[in-house]
Structures are given as C-alpha cells and as structure tokens.
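Okay, structure first, notes after.
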Amino acid sequence: MTAPANAAVRCDGVVQIYKTREIEVVALRDIDLVVEDGESVALLGPSGAGKSTLLWLLAGLLRPSAGRLWLGGAEVGRLGPRALDRLRAAQIGVVMQNPARNLIPYASAAQNVAFAQRAVRRRARRPAGELLERVGLTSVRDRPAGLLSGGEQQRLAVAIALANRPRLLLADEPTSQLDAESGRAVVELIKEMGPTSVVVTHDPRVSEAMSRTVTIRDGRIGAEGRDGEDFVVIGREGAVQLPPEYHELLPPGSMARVEPLRDGVILRRAGE
Ligand code: ADP
Ligand code: MG
C-alpha cells in the first residue's frame, strides 16, 4: 500500500489474535478499512464477531497482531508507548462497552470530566458544565459516578469521550441502556460533537443516523451499507461472505457454480 493520506483511520490487512494459555483466538482477520475525516460509521454484527476488538484497535488500546494500522496518519506499529498515549489523549475519545469502565466510581460526574481533561491543553477542552448539560446530567454533577444509574453512567461516558474535542470518537454500544429520548439525544451529540465517529451498535436509531454501516461477521468485514442500501464486500482473494439469510440456499460448505454476467456473477448451487 502506498503512503496513506491522513484519513482518520486506515487498516491494511489487520489481524488480531488473542493468546490465552491454552489456545489462540483469531478475533479479526484481514481487516481493510478506511474512515475519512467527517464520516460516521456504525459497526454492526453478531455477538463475538470482533466489533469490540476492532474498536480497541482503533482506540490504540491494542496493537494489531499483524497488518498495519494508521490513526490520523500515524502508524501505530511505529509509535512508542508514550507517543501512542499522547495521540490517544489528544485525538481519540472512547466510550467502552461497560459504562462503569469509563468512570472513576468515587469521583463526581464533574470530577470525572475534569480528570479526562487533565492531559490536554486548556484550549482543547470543552467546558464541563456545557457537556454535562447536553447529556442531561446537570442535576447530578456532584454525585459520585458509581452511584449514577446505568443510563446516567452511559451518558457521562459519552460526555467524557467528547471532552477533549477528539478528532475520532469511538463508542461501543453507547445507547444500550438508554430510553428512546436520551438515546436520540446521545446520537445527536455524537453527530454534532464527534465529527468522525465509529460506533458499535445494535440500535437502528444509531445506525440510521450514521453515514455508513460496516458489518463484521466471524472476524471479517462482510458487508457495508450506504444510503440505506447494503452491499457485500469482495475481500482479499475475492472472498465473499454470503449474508446469513442466504445460507439456506447456499449452505456453508456446499459447492456453487459461478456464472459470469457483464457486470458481475451469479452463484448457483452445484448439481441442479
Ligand atoms: P463482539 O464485540 O463483536 O461481541 P469481541 O471483539 O468482543 O466481539 O470478541 C471477538 C472474539 O474474540 C470472540 O470470539 C471473543 O470470545 C474473543 N475475545 C475477545 N476478547 C478476548 C480476550 N481478551 N481474550 C481472549 N479472547 C477474546
Ligand atoms: Mg462487544
């Protein structure tokens, strides 16, 4: 691949393998993905597909086992730990899947925001009061984060992720515990304050608001959606993931005949 332009994110053949004592789990394989500045991406896929793993990689919290990853033009594999920490603090806001993991439980909501802002210059900080108001937490700003409800913790986590005006906002199911109204408010906030975002979600309100969807299945990017239409992605070596709704017609492991057309191919089950 040639020197990448400064996209917010660029993955080139990224592989993530978790090694436990007994086994290795290939959580992601051959991920090719570019997210340009200004795009908002909904990351979809069944449980265990690798969505959170991809988010951790994009957050600079994991380094790929293989392949290359650029964040804001900097190649993660070439950054030392301190440079990666600096890049994360200055450019990336993260909402992790379990809202409590984003928070210091004994510190108040307002202190949690201040703590997130300690590492960046004053100019880069968003006013804490304004942020807490936007997520509807003004009345509980002095309450310890550990005593907030799940939904309040989730909204606080979003406020914290946006506190340093990140170039890239990453959020893992940020509306899973929110009712319709606060879910909508959070989506609006992400769209407005997180100009480039990648959001893992099962929530159609979120995915419909994003400019693009990317579906991961079994560690691979299987499909992408734009403007309400879904497309399968032709992967490396021409690999295609058939959407699950067609598995009955062409079950995994079956053989198919490839018939060319002028602008594509047809797959037909062999033997008929
Ligand atoms: P998703 O977020 O789409 O549910 P994950 O990224 O959490 O998927 O997980 C992808 C795969 O990696 C799953 O098979 C999961 O069991 C495995 N996995 C995730 N985290 C770890 C870990 N820390 N150690 C070992 N395996 C892991
Ligand atoms: Mg997950």
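As the structure lists them, so they are numbered: ligands from 1, and atoms in each ligand from 1. Numbering starts at 1 and runs along the sequence shown. The structure displayed is predicted, hence computed values, not measured ones.
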If the threshold is 4.0 Å, N to carboxylate O, is there a salt bridge linking [X] and [Y]?
X      : Y      : value
Arg134 : Glu192 : yes
Asp37  : Arg167 : yes
Arg78  : Glu75  : yes
Arg236 : Asp32  : yes
Arg88  : Asp85  : yes

Test item: Arg212 side-chain N/O and Glu224 main-chain N/O as donor-acceptor pair under 3.5 Å
no

Under 4.0 Å from a heavy atom of Ser47: give me the atoms of ligand 1 that qualify, with their elements.
4 (O)

So the atoms of ligand 1 within less than 4.0 Å of a heavy atom of Pro46 turn out to be 3 (O)

Just checking, any donor-acceptor pair under 3.5 angstrom between side chains of Asp142 and Ser108?
no

Polar side chain donor-acceptor pair, Ser176 to Gln154, under 3.5 angstrom:
yes

Minimum distance, heavy atoms only, to atom 14 (O) of ligand 1: which one of Ile23, Leu55, Val25 is it?
Val25

Does even one non-hydrogen atom of Gly50 get within less than 4.0 Å of ligand 1?
yes

Do any N/O atoms on [X] end up under 3.5 angstrom from N/O atoms on ligand 1?
X     : value
Ala27 : no
Ser52 : yes
Gln97 : no

Using protein heavy atoms only, decide if any is under 4.0 Å from atom 25 (C) of ligand 1.
yes

Output yes when a protein non-hydrogen atom is found under 4.0 Å of atom 16 (O) of ligand 1, and no otherwise.
no

Got the closest protein heavy atom to [atom], with its distance?
atom                    : value
atom 27 (C) of ligand 1 : Tyr18 CD1, 3.2 Å
atom 5 (P) of ligand 1  : Thr53 OG1, 3.7 Å
atom 4 (O) of ligand 1  : Gly48 N, 2.7 Å

N/O/S atom of Ser52 inside 2.8 Å of the Mg ion (ligand 2), strictly under:
yes

Among Val214, Leu33, Leu62, which residue meets the side-chain contact (heavy atoms from CB on, under 4.5 Å) test with Leu54?
Leu33

